[in-house]
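Presented below is the structure to which this report refers.
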Number of protein chains: 2
Amino acid sequence: MTDPHSEKHQPPHLDDFLCFALYKAHHAMNRFYKPLLGELGLTYPQYLVLMALWEQDDQSVGQLGELLHLESNTLTPLLKRLESAGLVRRRRTANDERQVQVSLMPEGRELKQKSWDVAACLFETIGMSREEIGTLVEDLNGVTGAVVAGRGR
Amino acid sequence: MTDPHSEKHQPPHLDDFLCFALYKAHHAMNRFYKPLLGELGLTYPQYLVLMALWEQDDQSVGQLGELLHLESNTLTPLLKRLESAGLVRRRRTANDERQVQVSLMPEGRELKQKSWDVAACLFETIGMSREEIGTLVEDLNGVTGAVVAGRGR
DNA sequence: TGCGATTAAATCGTGTGCGATTAAATTTCT
DNA sequence: AGAAATTTAATCGCACACGATTTAATCGCA
């Protein structure tokens with residue numbers, strides 16, 4: 001059994017754990033976005049779903065789930081809320097009645113512009129260059145990839 | 001209004017957003033930990049609370065909340081579950097009856113050893129050196145700090 | 001053709017997270 | 001000393017997140 005963080009067999013501090021740093025950063029991001037997105041009537045996961053649709057409209061629940069690493073049990077109620085807010089439309093596809101296709105309504109498409117300010121606000125707040133952010137994103141994606149790949153053992 | 005991610009006013013891909021990278025990495029970590037911690041009868045947030053107590057026993061709900069960035073509305077039910085599992089004890093302090101002091105029970109203290117393997121397993125899985133992890137943790141904490149500091153505006 | 005296997009969403013139950021409010025104890029200030 | 005302000009947990013309601021199950025549609029294969 002490998003000692004994960006120190007040469008000595010001495011427990012590291014909580015702050016040294018990668019999982020805890022991720023936990024905190026994710027929470028901080030959540031707390032930062034919440035009031036800004038609240039003005040748009042969105043939650044953070046709803047915002048991510050809309051971002052996915054802005055990039056590629058008309059995706060199935062499964063496609064969205066794969067992109068966002070979410071299952072239908074999470075997405076279905078979330079999408080129903082977006083639908084009842086008039087931002088997206090949910091329809092079963094004609095080809096395959098099992099699939100539900102999610103597409104943007106005009107009101108949902110408009111939010112793209114407003115949400116731009118939110119991302120810009122975060123960018124200003126953290127005060128990092130594009131290169132630094134790019135490197136950090138790559139590192140995080142590397143960790144994500146390794147962890148996801150190493151799961152089924 | 002600053003364009004956050006590109007010279008051109010062209011929306012970046014979802015994968016370029018730091019918030020999304022964090023979201024994915026945090027979820028990946030969660031999904032990795034869940035089955036391992038499940039064998040110990042713990043959830044991920046419960047594990048973090050225990051880690052905090054292993055490092056410093058006998059903390060108030062407020063202290064734990066400050067460390068983990070959680071409010072009493074989240075901690076109270078979580079701590080009650082840890083208590084009913086026999087891992088911790090909750091008692092109001094004699095000095096100040098408002099505060100609830102949380103301390104480890106023997107069974108909770110024992111889990112420290114077992115949980116060690118979980119951290120070691122993650123360390124092996126991501127396959128990064130201590131230096132790389134340390135740098136990443138520092139970068140993440142930097143982002144967390146900047147975001148938290150920039151909130152009240 | 002038709003029946004079992006597979007696939008895609010939806011449903012259910014539990015456990016976070018958090019904004020808002022409440023309740024009780026302590027501190028402050030006159 | 002005593003009322004008002006403050007502090008600390010707890011409570012309530014809503015929205016994820018996910019394991020497990022269910023339902024409905026499609027596929028595959030004899």
Side-chain angles (χ1 to χ4, degrees), chain A residues 23-50 59-66 68-85 90-102 148 151-152, chain B residues 23-50 59-66 68-85 88 90-102 148 151:
Chain A
Y23 182 84
K24 280 192 299 181
H26 175 254
H27 277 206
M29 201 64 76
N30 231 323
R31 293 167 74 93
F32 179 84
Y33 269 98
K34 185 161 293 228
L36 300 174
L37 292 175
E39 294 175 17
L40 306 181
L42 292 176
T43 66
Y44 187 57
Q46 289 169 9
Y47 168 66
L48 290 177
V49 166
L50 287 181
Q59 297 193 61
S60 71
V61 173
Q63 284 175 296
L64 288 172
E66 189 167 354
L68 303 174
H69 300 297
L70 293 174
E71 314 280 332
S72 66
N73 49 15
T74 300
L75 279 175
T76 296
L78 188 157
L79 291 170
K80 282 183 178 174
R81 279 175 214 114
L82 286 179
E83 183 179 45
S84 63
R90 290 162 65 248
R91 280 190 309 186
R92 301 222 165 246
T93 64
N95 294 353
D96 189 338
E97 289 272 341
R98 289 172 304 182
Q99 294 188 25
V100 167
Q101 210 74 10
V102 183
V148 169
R151 275 212 311 137
Chain B
Y23 182 84
K24 279 192 301 182
H26 175 253
H27 277 205
M29 202 63 77
N30 231 323
R31 294 166 74 92
F32 179 85
Y33 269 96
K34 186 162 292 232
L36 299 173
L37 292 175
E39 293 175 18
L40 307 181
L42 292 176
T43 66
Y44 186 58
Q46 289 169 8
Y47 168 66
L48 290 177
V49 167
L50 286 182
Q59 298 192 60
S60 71
V61 173
Q63 284 175 295
L64 288 172
E66 189 168 353
L68 304 174
H69 301 297
L70 293 174
E71 314 281 331
S72 65
N73 49 13
T74 299
L75 278 174
T76 297
L78 189 158
L79 291 170
K80 282 183 178 175
R81 280 178 212 109
L82 286 180
E83 184 179 45
S84 63
V88 305
R90 291 161 64 249
R91 280 190 308 185
R92 303 207 97 97
T93 64
N95 292 354
D96 188 338
E97 288 273 340
R98 290 172 302 180
Q99 295 187 26
V100 168
Q101 210 75 9
V102 183
V148 169
R151 275 212 310 137

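Below, chains carry the letters A, B, ... as their sequence lines are ordered, and counting in each starts from 1.
Counting any heavy atom pair closer than 4.0 Å across all strands shown, B:His26 reaches no nucleic acid atom.
Checking C:dT6 for Watson-Crick or G-U wobble geometry (two distances, each under 3.5 Å) identifies D:dA25 as its partner. Look at D:dA5: its Watson-Crick or wobble partner, with both distances under 3.5 angstrom, is C:dT26.
For residues 90-102 of chain B, every residue pair satisfying the side-chain hydrogen bond (donor to acceptor under 3.5 Å, both in side chains) rule, not counting sequence neighbours, is listed here: B:Glu83-B:Arg90, B:Asp96-B:Arg98.
Taking both residues in full, the closest heavy atoms of A:Leu78 and A:Pro45 are given as CD1-CB, 3.6 Å, listed atom of the first, atom of the second, then distance. Across all their heavy atoms, A:Val49 and A:Leu79 have their closest contact at CG1-CD2, 3.9 Å.
Rounded to whole angstrom, the span from the CG atom of A:Leu64 across to the P atom of D:dA17 amounts to 14 Å. In this structure, A:Leu68 atom CG and D:dA17 atom P are separated by 9 Å, rounded to whole Å. Counting to the nearest Å, the P atom of D:dC16 and the NE2 atom of A:His69 are 18 Å from each other. The distance between atom OH of A:Tyr33 and atom P of D:dC16, rounded to the nearest whole Å, is 16 Å. Between A:Lys24 atom NZ and C:dG17 atom P the separation is 15 Å, expressed in whole Å. Whole-Å rounding puts the B:Leu78 CG to C:dC18 P distance at 12 Å. In this structure, B:Arg81 places its CZ atom 12 Å from C1' of C:dG17, rounding to the nearest Å. Rounded to whole angstrom, the span from the NE2 atom of B:His27 across to the P atom of D:dC16 amounts to 11 Å.
In this model, the phosphate group of D:dA17 is approached by a side-chain N or O of B:Tyr23 to a distance below 4.0 Å at OP1 or OP2.
Classification of the B:Tyr44-A:Tyr23 ring pair by plane angle, with boundaries at 30° and 60°, yields perpendicular.
Distance CG/A:Leu64 to CG/A:Leu50: 10.0 Å, rounded to 0.5 Å.
Side-chain contact between A:His27 and B:Leu68 is absent, with no heavy-atom pair separated by less than 4.5 Å.
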_Per-nucleotide protein contact string for nucleotides 4-13 of chain D, where B marks a base within reach and S marks sugar-phosphate only (heavy atoms under 4.0 Å, - for neither)_ = ---BSBBBB-

*Given side-chain contact (heavy atoms from CB on, under 4.5 Å), test A:Val61 with A:Val102 step by step and report yes or no.*
CA-CA 7 Å; A:Val61 173; A:Val102 183; 4.2 Å; yes

